[in-house]
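Reading through the structure tokens given below for one structure.
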Amino acid sequence: MATSSTQIVPLTEDETNEEAATTTSTRLADILKPDTPRINNVLYSLFNHYDRAMFGAVSKASLLALVQYLQNLPESQKRDYKARAVGQFILSPVIKKLYPFSYLAALRKIECVLHPPASPEYVGRIRKAYFDKDKVAMQVLTDFGVDPRKIMGEVFHRNFLQIMTVDTLYILLSSQYIDINYKYYRGEAPLSAAAIYLNKFLIWEVLVKFDTVDWQWKDKRGRNLAFWSVCCRSDDLFNF
């Protein structure tokens, strides 16, 4: 008597991954629902800060649940938890040059900022981004409130002028912590004068984009920008 047998065909790697992704997505969508904030809060309270940020970036459902969790925290905890949700994500070794902007945009909407703004980790990251000419990283760090004042002395050091670009300098000066008329150059002159002293017209190309620049500045002896621009020995003499 002939017997029938069922042949088991193994799934290919792509089919396995697709099935796993579909299953995971379905389970997350079932568990993390906007109308179940208590479940979301309990789930996220089980994670440490690093895992909480990484899990929040897994899917749309987990991101919405993370936002809800952060918004439902007591007022005394909101600032620190929101700061860590951004900070742990940005400082993660997984994040190199690719920033999932859907995650960052969601945190911007609920006013998450990095704290403390002058933390060595964040200042070090924006310093590296500036010297690497990484405009994306600089913009992300600036938007989330990193204080770049500690690196201003390095930016205008003669040894580093060659790496300065219009885009990176503009992002840096756009920070809420930067006073465009402060005497960042050796504590004696604002950026408008530093451009002439350093023979770097590029600085003026950036400054003209700001409406608050004091073009009437004078030094201790009453010499203004016009005086110094005439005295400078520069190929950009007629631009200053």
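Because only heavy atoms are used, hydrogens play no part in the values below, and waters and symmetry mates are left out as well, while side chains stay in. Heads up: numbering here begins at 1 and tracks the sequence.
Aromatic ring pairs are classed by plane angle as parallel below 30°, tilted from 30° to 60° and perpendicular above 60°; the pair F210 and Y170 is tilted. The aromatic rings of Y185 and Y197 sit tilted, their planes meeting at an angle between 30° and 60°.
The pair K82-E111 does not meet the salt-bridge criterion, since no charged nitrogen lies less than 4.0 angstrom from a carboxylate oxygen. Salt bridge annotation for R221-D219: absent, with no cationic side-chain nitrogen under 4.0 angstrom from a carboxylate oxygen.
Nearest heavy atom pair, residue S102 against residue L63, reads O-CD2, 3.7 Å. Here the shortest heavy-atom pairing between L207 and V213 reads O-CG2, 3.4 Å. Across every non-hydrogen atom of A53 and Q88, the tightest pair is CB-CB, 4.3 Å. Heavy-atom minimum distance, A137 versus D134: N-OD1, 3.2 Å. Looking at every heavy atom in both residues, Y103 comes nearest to A85 through OH-O, 2.9 Å. For the residue pair L104 and F144, the shortest heavy atom distance occurs at O-CZ, 3.4 Å.
Here CZ of R79 is found 14.5 Å from CG of L70. Values are rounded to the nearest 0.5 Å. One distance of note links CG of L198 with NE2 of H157; it measures 10.5 Å at 0.5 Å rounding. Distance check: I196 CD1 to F227 CZ gives 11.0 Å after rounding to the nearest 0.5 Å. Taken to the nearest 0.5 Å, the CG atom of L172 stands 11.0 Å off from the CD atom of Q139. Rounding to the nearest 0.5 angstrom, the gap separating the NZ atom in K200 from the CE atom in M164 is 6.5 Å. Atom-to-atom distance recorded for W228:CH2 and R223:CZ is 4.0 Å, nearest 0.5 angstrom.
Side-chain contact between V140 and R125 is absent, with no heavy atoms from C-beta onward closer than 4.5 Å. Two residues are said to be in side-chain contact when any heavy atoms from C-beta on lie closer than 4.5 Å; W204 and S192 meet this criterion. Looking only at side-chain heavy atoms (C-beta outward), Q216 and N224 stay at 4.5 Å or farther from each other. With a 4.5 Å cut-off on side-chain heavy atoms, F160 and V155 do not count as touching. By the 4.5 Å heavy-atom criterion applied to side chains, W215 and V208 are counted as neighbours. Taking the side chain as every heavy atom from C-beta outward, H115 and P117 approach each other to under 4.5 Å. When side chains are defined from C-beta on, Y184 counts as touching R149, because their heavy atoms get closer than 4.5 Å. Within the 4.5 Å cutoff, side-chain heavy atoms of Y122 are placed close to those of L91.
Tracing side-chain contacts under 4.5 Å through hydrophobic residues (I, L, V, M, F, W, Y), one reaches L191 starting from L161; they form part of the same cluster. Linking Ile, Leu, Val, Met, Phe, Trp and Tyr whenever their side-chain heavy atoms come within less than 4.5 Å leaves V123 and V113 in two separate clusters. Residues M138 and I163 share a hydrophobic cluster, clusters being chains of Ile/Leu/Val/Met/Phe/Trp/Tyr side chains in contact below 4.5 Å.
Distance alone, capped at 3.5 Å, places no donor-acceptor pair between the D147 side chain and the Y177 backbone. Side chain of K78 to main chain of Q71: a donor-acceptor pair is present (N/O by atom type, distance under 3.5 Å, no hydrogens or angles). Panel note: side chain S62, backbone S59; a donor-acceptor pair is recorded below 3.5 Å. In terms of modelled atom types and a separation under 3.5 Å, the side chain of D167 and the main chain of K135 share no donor-acceptor contact. A donor-acceptor pair is defined here as one N or O able to donate and one able to accept, closer than 3.5 Å; such a pair exists between the side chain of S229 and the backbone of A226. Proximity of a side-chain donor or acceptor of T168 to a complementary backbone N or O of T165 within less than 3.5 Å is detected.
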request  = Evaluate the side-chain contact (heavy atoms from CB on, under 4.5 Å) criterion for residues N48 and R52: first the C-alpha distance (whole Å), next the side-chain angles of each, then the deciding distance (0.1 Å), finally the verdict.
outcome  = CA-CA 6 Å; N48 60 39; R52 187 179 297 134; 5.9 Å; no

query = Can you check side-chain contact (heavy atoms from CB on, under 4.5 Å) on Y50 and F89, steps first, answer last?
reply = CA-CA 7 Å; Y50 174 78; F89 187 75; over 6 Å; no

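Few gaps surround NZ on K209; more than 12 heavy atoms of other groups in view lie less than 6.0 Å from it.
F47 and F55 have their aromatic ring centers within a separation under 6.0 angstrom.
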